[in-house]
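These notes concern the structure reproduced below.
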Amino acid sequence: MRTERAGLSRHAAVAKAMDYMQKRWDGFTRFLDDGRICLTNNAAERALRPLCLGRKSRLFAGSDRGGARAAAMYTLIGTAKLNDIDPQAWLADVLDRIAEMPQNRLPELLPWHWKADRQQALAA
């Protein structure tokens, strides 16, 4: 690509695309070192699709604070889904236990810890 780029005018559209790619080469090739990295952003787009489809019904969250709360809930639900957890079961359990949980143990309620705790409980 460097050889081909050297023969192009700096104003050519292809040259600009090549320059863009060369500046970000490490990011473009990161999937070669880690097989978990996807070549596309399809998973991210699929995760955002429900938000986009319902945006008209949620156009007004009532206030800025309401919008911030909705964003926090979407983040929690999305994180639970990414950890292969039923969001409704997780939220119900967390809301039931959070009042008695000491502040220094709150990370135990995060989806990845919650899932591990549940799996250990089922195995025992």
Side-chain angles (χ1 to χ4, degrees):
M1 186 165 60
R2 289 184 184 116
T3 305
E4 292 298 320
R5 173 59 185 95
L8 295 172
S9 164
R10 66 181 172 138
H11 300 290
V14 172
K16 291 178 183 179
M18 287 178 164
D19 291 342
Y20 178 86
M21 188 166 196
Q22 285 179 341
K23 287 178 187 173
R24 293 159 179 83
W25 189 254
D26 290 338
F28 283 124
T29 59
R30 188 163 294 142
F31 73 94
L32 297 172
D33 298 323
D34 188 348
R36 297 173 297 170
I37 297 175
C38 187
L39 293 174
T40 67
N41 67 343
N42 290 342
E45 289 188 12
R46 278 194 305 275
L48 290 174
R49 187 171 294 127
L51 297 176
C52 295
L53 293 176
R55 71 177 165 226
K56 283 192 178 184
S57 62
R58 294 182 300 271
L59 185 59
F60 300 100
S63 66
D64 287 344
R65 287 180 61 195
R69 287 183 185 131
M73 289 305 297
Y74 287 130
T75 301
L76 291 171
I77 290 168
T79 302
K81 287 180 180 179
L82 286 173
N83 284 279
D84 295 322
I85 295 172
D86 174 23
Q88 186 173 3
W90 174 69
L91 282 171
D93 184 53
V94 167
L95 292 173
D96 187 48
R97 295 170 46 199
I98 198 165
E100 287 96 28
M101 181 77 64
Q103 189 171 5
N104 63 343
R105 291 185 52 206
L106 287 179
E108 294 175 21
L109 299 177
L110 293 171
W112 46 91
H113 294 301
W114 185 86
K115 182 179 181 180
D117 290 345
R118 294 296 166 228
Q119 288 173 343
Q120 287 176 357
L122 291 175

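Heads up: numbering here begins at 1 and tracks the sequence. Hydrogens, waters and symmetry mates are skipped; everything else that's a heavy atom, side chains included, is used.
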| Do Leu39 and Phe28 belong together in a cluster built from hydrophobic side chains that touch within less than 4.5 Å? | no
| Leu8-Tyr20 co-clustered via ILVMFWY side chain contacts under 4.5 Å | yes
| field | Student check: side-chain heavy atoms of Arg10 and Asp19 closer than 4.5 Å | value | no
| Residues in side-chain hydrogen bond (donor to acceptor under 3.5 Å, both in side chains) with Arg2, at least two apart? | none
Donor-acceptor pairs under 3.5 Å, side chain of residues 75-83 to any protein atom, not counting sequence neighbours: which ones?
{"unit_1": "Thr75", "atom_1": "OG1", "unit_2": "Ala71", "atom_2": "O", "d": "2.8"}
{"unit_1": "Thr79", "atom_1": "OG1", "unit_2": "Thr75", "atom_2": "O", "d": "2.7"}
{"unit_1": "Asn83", "atom_1": "ND2", "unit_2": "Thr79", "atom_2": "O", "d": "2.8"}

| field | Arg5 CZ to Lys16 NZ distance, which is reported to the nearest 0.5 Å | value | 10.0 Å
| request: Tell me, yes or no, whether the heavy-atom count around Arg65 atom CZ, taken from other residues, nucleotides or ligands under 6.0 Å, exceeds 12. | output: no
| note | Closest non-hydrogen atoms of Ile85 and Trp90, given as atom of the first, atom of the second and distance, are CG2-CB, 3.6 Å
| query | Minimum heavy-atom separation for Leu109 to Trp114, with atom names? | reply | O-CB, 4.1 Å
Using residues 96-108 as the side-chain source, report each donor-acceptor pair under 3.5 Å to any protein atom, sequence neighbours left out, with the distance given to one decimal.
{"unit_1": "Arg97", "atom_1": "NH1", "unit_2": "Asp93", "atom_2": "OD2", "d": "2.9"}
{"unit_1": "Arg105", "atom_1": "NE", "unit_2": "Glu108", "atom_2": "OE1", "d": "3.4"}
{"unit_1": "Arg105", "atom_1": "NE", "unit_2": "Glu108", "atom_2": "OE2", "d": "2.9"}
{"unit_1": "Arg105", "atom_1": "NH2", "unit_2": "Glu108", "atom_2": "OE1", "d": "3.0"}

